[in-house]
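All of these numbers come straight from a predicted model, not from anything done at the bench. Residue numbers start from 1 in every chain, and the chains themselves are labelled A, B, ... in the order their sequence lines are given, proteins ahead of strands.
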Amino acid sequence: MEHYDHEKIEKKWQKYWEEHLELFAADDESDSEKQYILDMFPYPSADGLHAGHVESYSATDIISRYLRLRGKNVIHPQGWDAFGLPAENFAIKTKTHPSLTTQKSIATFKRQMKILGLSYDWSREVDSSSREYYKWTQWFFLLLYKNGLAYRGKGKVNWCLKCQTVLANEQAEGGVCDRCDTQVFQKDLEQWFFKITDFIEKKDKTRGLLGGLDDIDWPEHTKAAQKNWIGKSEGAEFEMEIKNSNLKIEVFTTRLDTVFGMTFALIAPEHELVQKLKQQIANWDEVEKYIEQASKKSELQRIAEEKEKTGVELEGIKIINPFTKKEIPLFTSDFVLGHYGKGAVMAVPGHDCRDYAFAKKFGLPIAEVIKSKDGKSSIEKEAFVDDGILSNSREYDHMTSEEARKRLAEWLEKNKIGRKTVNYKIRDWLVSRQRYWGAPIPIIYCDACGTVPVPEEDLPVLLPDDVNFMPHGESPLAGSKKFQDVKCPKCGAKARRESDTMDTFVCSSWYYFRYADPHNKKEFAAKDKIKKWLPVDLYVGGAEHTVLHLLYSRFFTKVLHNLELIDFDEPFLKLRHQGTVLAEDGRKMSKSLGNVINPDDVVAKYGADALRMFEMFMGPLEDMKKWDTKGIIGIYRFLDKVWKIKSKVQISNIKSNPESKIRTFLHKTIKKVTEDIEKLRFNTAISALMIFLNEAEKEQIPQEFFEKFLILLSPFAPHMAEELWSQLGHKKSVFTEKWPEYDKDIVKDEMIELVIQINGKLRDKISVPADISEDDAKSQALASEKIKTFLAGQEPKKVFFVKGRLMNIVI
RNA sequence: GCCGCCGUGGCGGAAUUGGCAUACGCACGACACUUAAAAUGUCGCGCCCAAAAGGCAUGUGGGUUCAACUCCCACCGGCGGCACCA
């Protein structure tokens, strides 16, 4: 018998679906319950779809098709995260304009999505590099600006002297430029920032970025990563006097309980106080040299040199510990970060590893002020960093660390030199990029009026075409006269445009709103459309976005909520990450290793239905998995069997025998597949379909049953389901059908195999009615020959009975 | 270092959330069909034992329980995130 012709069938139905867009379109008018099923919109690379894309898109396609069959009004859109550095680099390499290469890549992606039979509502497609889209990205910038959430500030960035450009952190690994291998320097540049730090904690109407995490169904590790990134730490800050100076030094600590062990203090090299103390520093030349060296190092380098602490004493400077009134020295060291806390710390070498290492290297005293509860702790070889009981701390002796922190903070407040406080690792979001392929920042600089936002009616600020996007020292947009020279919108004088573009993460922070109303020319999306479709019910995408994109999107949503433009606070109610699909050799798929699986090839050989289903069958959605070229044959055989079993179907309208085994089986399968899809457990749903088919092969099954099976199969293998459905004489698509319901009474077994254990070990199984009573089960069990042998005449001490499951006899 | 996740046959994985460990699939073996191969079908497939009976098995060691892959503790191994954050 012939195998099924996947190519012919798939082409036929893909064409049919193109002609019947209403099958998968989200209906703005319908009153039925909406479901927003979203894929992270891809960056359209020249390489085409990756096996990982196929995995997540198949998953959301299954869910979307399933929900539509359940009568839900599903919105399942797709679009393109089209701006970004890879396109620009590719453009530089090939000397082609990035819009050309991007459009070509989009065409490839879209073609591949279509041959996979993905049921997107293409009428809602968005492209973040289109002027219709980035007009609203710019509008969002202005919205933030007008509400004091976008500001211009100085920030340290990685700067390559040779390429004359700013580099992203990931392009400056090891402190060396990615492109030319020369050293990267830290440079202070004025940049645009978004005030994401304003939204860490509850603010007016919204729960903060921290608190909001409690309300959403996200993977634990993703929530943990976001919390980690925000890096909240509670402690205290206080000021210390500098001897013979009216200046003061402020420090932050989480271990106020250890203050009596402070034997010196540390300050970041870039701290302004160092400059202010210049006159009093005896060894200024040495200090200046150290500061110079430190500024040349990138943060990455500082970390790489972790093994050895460096630093210089600010000779002539003495700090007064406010608790002990003792004088201590001040050092500057690059392991103290200027941007965190107060940029200066109290050093307690006895109870902090870094301070310990520093004290050892510079021969500074180490004091012990905390003992472990058992009194056995020692600071001889290393710092004791745990909480414990205070000692050598005057009236605070014998207190626990926790209590001492409370009391010491009270003392600080009473004496007005400090207070309890909270610090965060997260910094404001730097959104300026000195790049071409992004959305221009809609700002104009005027000598008279200063920083002037572009009026909304002038948006979009178009990305100019007449620029040299090769790296040449400044933002490529600065090279376009046409772009640069403008009139000030306020006074009409000659002015200059901001020449930086926005980080592509700005574009991707709001795209899920646009799908609700993609062609709106007056708003980023109309209020009623947003109300209808958002928030997103299920969001599926790669785990590489655990922090950046997902955090930024939450920030945008919170901004909109706070401004009362939307009535929800979290954009993505349920989030799942698809696991990485590794190459067959267990390594990451990469072009250079030549181990990439191209979906086109697999579709050509086995068909889209087989590829989609196989990727779902490989394992749980979120698990990392290895591609297995041989494995797909199993799914192919299954589909082939479905194809062939059609000829065995009893085509008649006779009533199915209510007692028939296959009926019970069908209902169990409906139950299992339904529940598994709801839980995104596609691997076991597919296995249930296989089990049903294996059973069905053994006998003739009524058409009515086979049809229900086809509906169950349709979200997984839509082409085959459509084809067989039409071959059975149906005129309309299988996707206009209703998802089958199972009958609770049919699913329930009448007779069950009751497991009989003795002392927890399986000894026999007896066939009994499902609702058998304990007494009846016991007498039947004890009557079993096998059980009699094992009991050997002994009386059971106790009998445990789990209804419908098992009986455990303890002797 | 801190945080999070994971460890089950030759392989991918399943196990109703504490109740028959290894469903489903791959690979492998035997047989059937075939001139032959492929395809397809039937059967077998954790380990020990010739087999039956039985025993042993979910990274390792302990604990709780009538009962542990599942819960608790310790250790070993792997993956991911953050990382000189005071």
Check whether the side chain of [X] and the base of [N] form a donor-acceptor pair under 3.5 Å.
X        : N     : result
A:Asn228 : B:C82 : no
A:Lys630 : B:C26 : no
A:Lys425 : B:C82 : no

Reckon [X] touches a base, only the sugar-phosphate, or nothing at all at heavy-atom distances under 4.0 Å?
X        : answer
A:Phe358 : nothing
A:Asn759 : nothing
A:Ile809 : nothing
A:Arg681 : base
A:Pro620 : sugar-phosphate
A:Gln757 : base
A:Asp640 : nothing
A:Thr546 : nothing
A:Val802 : base
A:Met624 : sugar-phosphate
A:Leu806 : base
A:Asn808 : base

Whole-angstrom distance between [N] and [M], as gauged at atom [atom1]:
N     : M     : atom1 : answer
B:C79 : B:C28 : C1'   : 30 Å
B:G1  : B:C75 : P     : 12 Å
B:U58 : B:A15 : C1'   : 11 Å
B:C43 : B:C48 : P     : 25 Å
B:A39 : B:A32 : C1'   : 14 Å

Calculate the interatomic distance between A:Asp623 atom CG and B:C6 atom P; express it in whole Å.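 Spelled out: CG on A:Asp623 to P on B:C6 is 9 Å.
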Which whole-number value in Å describes the distance from A:Lys227 NZ to B:C3 C1'?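 Taking atom C1' of B:C3 as the reference, NZ of A:Lys227 is at 11 Å.
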Cation-pi between A:Lys309 and A:Phe335: NZ/CZ under 6.0 Å from ring centre and within 45° of the ring axis?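 Pair A:Lys309/A:Phe335 counts as cation-pi.
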Nearest to the [X] side chain among [options], which nucleotide is it?
X        : options             : value
A:Arg805 : B:C66, B:A86, B:G19 : B:G19
A:Thr253 : B:G54, B:C24, B:A86 : B:A86
A:His221 : B:G4, B:C66, B:C26  : B:G4

Quick test of your reading of the model: are A:Glu402 and A:Lys406 salt-bridged, counting only N-O distances below 4.0 Å?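 Looking at A:Glu402 and A:Lys406, the cut-off is not met.
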Below 4.0 angstrom, N of the basic side chain to O of the carboxylate: do A:Glu234 and A:Lys420 qualify?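 So A:Glu234 does not pair with A:Lys420 through a salt bridge.
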Under-4.0 Å side-chain N/O to phosphate OP1/OP2 contact, A:Arg637 with B:G25: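 A:Arg637 to B:G25 OP1/OP2: no side-chain N or O under 4.0 Å.
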Once rounded to the nearest 0.5 Å, what's the spacing between atom OG of A:Ser687 and atom NZ of A:Lys672?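 So the OG of A:Ser687 and the NZ of A:Lys672 are separated by 7.0 Å.
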